[in-house]
Amino acid sequence: MTRADRIRVLIADDNRAVRRGIRLQLETVADIVVIGEVANGHDAVHAARAERADVILMDLQMPGMNGIAATRELTGPTQASGVAVIVMTSFGVDALVNDALDAGAVGYLLKSRDSDHLVDAIRAAARGEAVVSTQVAASLLKEFVRRGQSPRTQSSTIPLSAAEERVVRVLSSGVTSNEAIAAHLHVSVHTVRSQLQSALKKVNADDRTQLALWGHANLVASKP
């Protein structure tokens, strides 16, 4: 794989130790290349454009222009950069999650909990998929549904089996890992994986986030 084929990642965080830690984690990944590190939102905007970043790992609290403002600057309706912003923060506050969504971020991860999922999150963001920390998933799903940003398939008459429905309900409540869903339902991880794959096909969802949104709209929010 050449450098040109790799996912171009920019790290934006005012904490030098955090930037260094993320860089060290990503430098060993074959399909990812770190194209730079910046410490504020103004530099994030400039570097993302100059270096043609594919994905930005964006801290919220930075001096000068903060991460929300920088995200909005890069992903607004008049922008054609195609960059995907993953907010990485220490705060799982609903208002901040919604602000990040408003600004155009495709992901929201917590530094203290989601480092093990960072590589997969970057790959998903580069594919145009949403990536959300399990700690804020429920709030973000509710906000998507409130705004009408649900998956293409909205009908609640899709014939999920009882087992599939149980798994999708748990997923839609904000429990997003297969292991956590399995523990919640007292079933095997293999069973969860199989039922989710089947439900994805029936609902015609492209990914688990779309399936969770469908489930929240049709199973959780509509529950008597």
Side-chain angles (χ1 to χ4, degrees), residues 6-29 31-48 51 53-75 83-144 173-180 207-209 212:
R6 298 157 79 184
I7 301 170
R8 300 171 62 81
V9 176
L10 175 68
I11 304 168
D13 196 299
D14 63 342
N15 187 318
R16 186 167 181 260
V18 170
R19 296 197 308 269
R20 181 59 178 165
I22 293 173
R23 177 183 279 274
L24 288 173
Q25 181 180 357
L26 299 182
E27 281 182 341
T28 61
V29 183
D31 59 337
I32 292 174
V33 57
V34 176
I35 57 172
E37 302 174 23
V38 295
N40 61 72
H42 287 292
D43 288 346
V45 172
H46 174 76
E51 301 296 332
D54 297 312
V55 176
I56 303 177
L57 304 178
M58 185 82 76
D59 186 27
L60 288 182
Q61 306 296 330
M62 293 186 289
M65 180 185 287
N66 64 27
I68 294 294
T71 299
R72 186 175 293 110
E73 182 75 15
L74 286 164
T75 64
V83 66
V85 176
I86 300 176
V87 167
M88 291 196 69
T89 180
S90 301
F91 308 100
V93 181
D94 286 0
L96 294 177
V97 175
N98 296 345
D99 286 346
L101 180 67
D102 280 334
V106 301
Y108 196 105
L109 301 180
L110 298 182
K111 296 176 184 177
S112 59
R113 298 184 62 92
D114 299 313
S115 61
D116 290 345
H117 308 298
L118 182 57
V119 172
D120 287 340
I122 290 170
R123 290 168 177 157
R127 295 193 299 266
E129 300 172 9
V131 286
V132 183
S133 171
T134 57
Q135 295 299 109
V136 300
S139 297
L140 195 58
L141 290 172
K142 291 175 183 176
E143 186 64 13
F144 266 114
S173 72
V175 182
T176 57
S177 75
N178 290 345
E179 292 77 9
D207 53 51
R208 291 162 65 100
T209 300

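Just the heavy atoms: all of them, side chains too, but no hydrogens, waters or symmetry mates, feed the values below. We number each residue from 1, following the sequence as shown.
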Requested in this report: Show your reasoning for whether side chain to side chain contact (heavy atoms under 4.5 Å, CB included) applies to V34 and I11.
Outcome: CA-CA 8 Å; V34 176; I11 304 168; 3.9 Å; yes
Requested in this report: Kindly determine whether V45 and M65 satisfy side chain to side chain contact (heavy atoms under 4.5 Å, CB included), including the steps that lead there.
Outcome: CA-CA 10 Å; V45 172; M65 180 185 287; 4.0 Å; yes
Report task. Before giving the answer on side chain to side chain contact (heavy atoms under 4.5 Å, CB included), spell out for I35 and V9 the whole-Å C-alpha distance, their side-chain angles and the decisive distance to 0.1 Å. Result -> CA-CA 6 Å; I35 57 172; V9 176; 5.9 Å; no
Report task. Take V85 and Y108 through the side chain to side chain contact (heavy atoms under 4.5 Å, CB included) test and state the conclusion after the steps. Result -> CA-CA 9 Å; V85 176; Y108 196 105; over 6 Å; no
Query raised in the report: Between D102 and R72, is a salt bridge (charged side-chain N to carboxylate O under 4.0 Å, His left out) present by the stated rule, with each step listed?
Result: CA-CA 8 Å; D102 280 334; R72 186 175 293 110; over 6 Å; no
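Taking NE2 from H46 and CG from L10, the interatomic distance works out to 11.0 Å, rounded to the nearest 0.5 Å. Expressed to the nearest 0.5 Å, how far OG1 of T71 lies from CD1 of I86 amounts to 11.0 Å. Between atom CG of residue L26 and atom CG of residue L118 there is a gap of 5.5 Å, rounded to the nearest 0.5 Å. The CG atom of L109 sits 10.0 Å away from the OG atom of S115 when rounded to the nearest 0.5 Å. We find the NZ-OG1 distance between K111 and T89 to be 6.0 Å, quoted to the nearest 0.5 Å. Atoms CG and CD1, from D54 and I122 in turn, are 10.5 Å apart once rounded to the nearest 0.5 Å.
Closest approach of A70 and M58 over heavy atoms only: CB-CE, 3.8 Å. The nearest pair of heavy atoms linking A48 to I56 is CB-CD1, 3.5 Å. Closest approach of A84 to A125, counting heavy atoms only: CB-O, 3.7 Å. Here the closest non-hydrogen pair linking V38 and A47 is CG1-CB, 4.0 Å. In plain terms, the two heavy atoms of L74 and A44 that are nearest each other are CD1-O, 4.3 Å. Residues V87 and A100 share a closest heavy-atom pair of CG2-CB, 3.9 Å.
A heavy-atom distance below 4.5 Å is found between the side chains of R123 and D31. The shortest side-chain heavy-atom distance between N66 and L60 does not fall under the 4.5 Å cut-off. Under the 4.5 Å side-chain criterion, counting only non-hydrogen atoms from C-beta, S90 is not in contact with L110.
Put simply, the side chain of T75 never gets that close to the backbone of A105: no donor and acceptor are under 3.5 Å apart. Under the 3.5 Å distance criterion, the side-chain polar atoms of R6 are matched with a main-chain donor or acceptor of I32.
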Scan the side chains in residues 15-22 for donor-acceptor partners under 3.5 Å anywhere in the protein, sequence neighbours excluded, and list what turns up.
| from | atom 1 | to | atom 2 | distance (Å) |
| --- | --- | --- | --- | --- |
| N15 | OD1 | A17 | N | 2.9 |
| N15 | OD1 | V18 | N | 3.2 |
| R19 | NE | E37 | OE1 | 3.2 |
| R19 | NH1 | D13 | O | 2.7 |

